Amino acid sequence: MKDYVVGDNLAFELSKLLGIDYLKVEERIFPDGEVLPKLEKEPEINRAILIYQNKKLENVNSYLIKYLFLSKKLKEISQKVIGIMPYYPYARQDAVFLEGEPVSSLYLAQILEKNLDVFITCNSHEHRKKISDLFTIPAYNISLFKEMSAFFSDFELPKTVVVGPDREAKTFVDEFCQSLPSEKYVFLKQRNAQTGEIEFLESDFNFRDKEAIIVDDILSSGKTLLKVAQIIKHKGAKSISFAFVHLIDELGLDLIKSIFPKRIITTNTLENRYFKLNIVNPLANFLKQNIL
Ligand code: R5P
């Protein structure tokens, strides 16, 4: 029995880096929206490493049902299934905020782990609950901020400041600065109870002539990063750059481009044309050091 990396193009690239056979998945979508992911062949498998990326414009629920069917199928023919989901959806619904709501992030973990032995994701939104708290199987949340900071190694440290948009981003700033030990600043964010709009508390940090790199886990509408960038620019920063892991909406990217950033670094946890950091490299390293 052999090991296989199973899935899409990310799986193919990962199989090459690990020196493990690749097992392709073919997909069909029926007129009623049903999805049929099919393994190209059905060998007996020792360890299956399943990696599947949510494609551009693909509905997240359609993606999830495909992932569930694939993991169940692999469980039937493999000794062990290692599931890699580069972006973990529903992570922000990690509590009951209004009566009657589901704790979606926990429920999803409970469904996924029925067919997995190990779960791996990247920079899941761990504001209240950690990925390892959601799953009862070994579950890992790999951070990509250190790898993203390598794209800024040409920045002059005394002139650089790494900025987090809110308290939760402090961890991202610290990880980013591990190999780029520049100044750091973290904004305080609050939501206006009347309008629902986010607001940033006044900052006395001196941004004048600084090269600011704003780091965050997710770019969705782009409003968070844009607002922080506008404040910093107004305070006299020389340049603004962005580094974020998950690009959810490319329209959000257009929004932050309106400030003419010096550099934008993101990853391919979700399919997009703009990524600079290919996640298969850090994933391969993590698997070699911790799992395989
Ligand atoms: C919030 O806590 C997250 O870390 C991101 O800052 C947020 O999800 C970004 O969303 P948007 O791009 O819509 O402002």
Side-chain angles (χ1 to χ4, degrees), residues 54 56-57 60 85-98 101 103-106 108 121-131 133-134 141-149 161-177 184-193 195-201 203 212-233 240-261 263-275 277 279:
N54 199 156
K56 194 176 163 186
L57 302 180
V60 66
M85 189 174 270
Y87 172 73
Y88 186 67
Y90 290 106
R92 284 173 282 186
Q93 182 67 25
D94 61 354
V96 175
F97 299 101
L98 295 172
E101 287 179 350
V103 187
S104 311
S105 67
L106 177 65
L108 179 59
T121 190
C122 302
N123 287 105
S124 178
H125 196 79
E126 288 184 324
H127 281 197
R128 281 158 291 263
K129 295 243 171 54
K130 290 194 177 309
I131 275 288
D133 298 332
L134 301 177
N141 189 23
I142 301 175
S143 179
L144 301 170
F145 284 100
K146 200 163 164 238
E147 280 79 5
M148 287 201 294
S149 72
V161 55
V162 176
V163 179
D166 52 29
R167 237 194 317 251
E168 287 78 16
K170 182 181 180 305
T171 320
F172 312 148
V173 170
D174 289 341
E175 288 167 357
F176 196 90
C177 289
K184 306 172 186 176
Y185 184 77
V186 176
F187 277 88
L188 287 176
K189 183 173 86 176
Q190 64 183 19
R191 199 167 285 279
N192 184 310
T195 62
E197 284 291 306
I198 49 168
E199 293 168 350
F200 293 91
L201 299 192
S203 141
I213 307 169
I214 309 173
V215 302
D216 206 359
D217 54 351
I218 297 173
L219 179 131
S220 185
S221 68
K223 284 184 188 167
T224 302
L225 292 186
L226 180 69
K227 279 190 178 173
V228 170
Q230 284 168 332
I231 295 170
I232 297 174
K233 204 163 189 180
I240 310 278
S241 297
F242 298 101
F244 53 89
V245 181
H246 310 294
L247 175 54
I248 298 207
D249 189 344
E250 290 184 7
L251 290 176
L253 192 67
D254 289 342
L255 197 66
I256 62 164
K257 278 185 182 166
S258 66
I259 202 141
F260 301 109
R263 199 165 296 170
I264 300 179
I265 301 297
T266 189
T267 81
N268 55 348
T269 55
L270 293 159
E271 188 187 44
N272 71 85
R273 286 174 292 144
Y274 304 98
F275 75 92
L277 175 67
I279 57 167

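As the structure lists them, so they are numbered: ligands from 1, and atoms in each ligand from 1. None of the values given here were measured: they were computed from a predicted structure.
- Val161 meets the side-chain contact (heavy atoms from CB on, under 4.5 Å) test with Val163, Glu183, Tyr185, Phe205, Phe207, Lys210, Ala212; sequence neighbours excluded.
- Legend: salt bridge (Lys or Arg N to Asp or Glu O under 4.0 Å) pairs involving residues 213-233, not counting sequence neighbours, sorted by first then second residue: Glu197-Lys227.
- Checked against side-chain contact (heavy atoms from CB on, under 4.5 Å), Glu250 has the following partners two or more places apart in sequence or in another chain: Lys56, Leu247, Asn272, Arg273, Tyr274.
- Side-chain contact between Tyr88 and Ser105 is present, with at least one heavy-atom pair separated by less than 4.5 Å.
- Residues with a heavy atom under 4.0 Å from ligand 1: Arg92, His125, His127, Asp166, Lys189, Asp216, Asp217, Ile218, Leu219, Ser220, Ser221, Gly222, Lys223, Thr224.
- The only option from Asn268, Thr269, Thr266 that meets the side-chain hydrogen bond (donor to acceptor under 3.5 Å, both in side chains) definition with His246 turns out to be Thr269.
- Side chains of Ser143 and Glu175: a donor on one and an acceptor on the other come within 3.5 Å.
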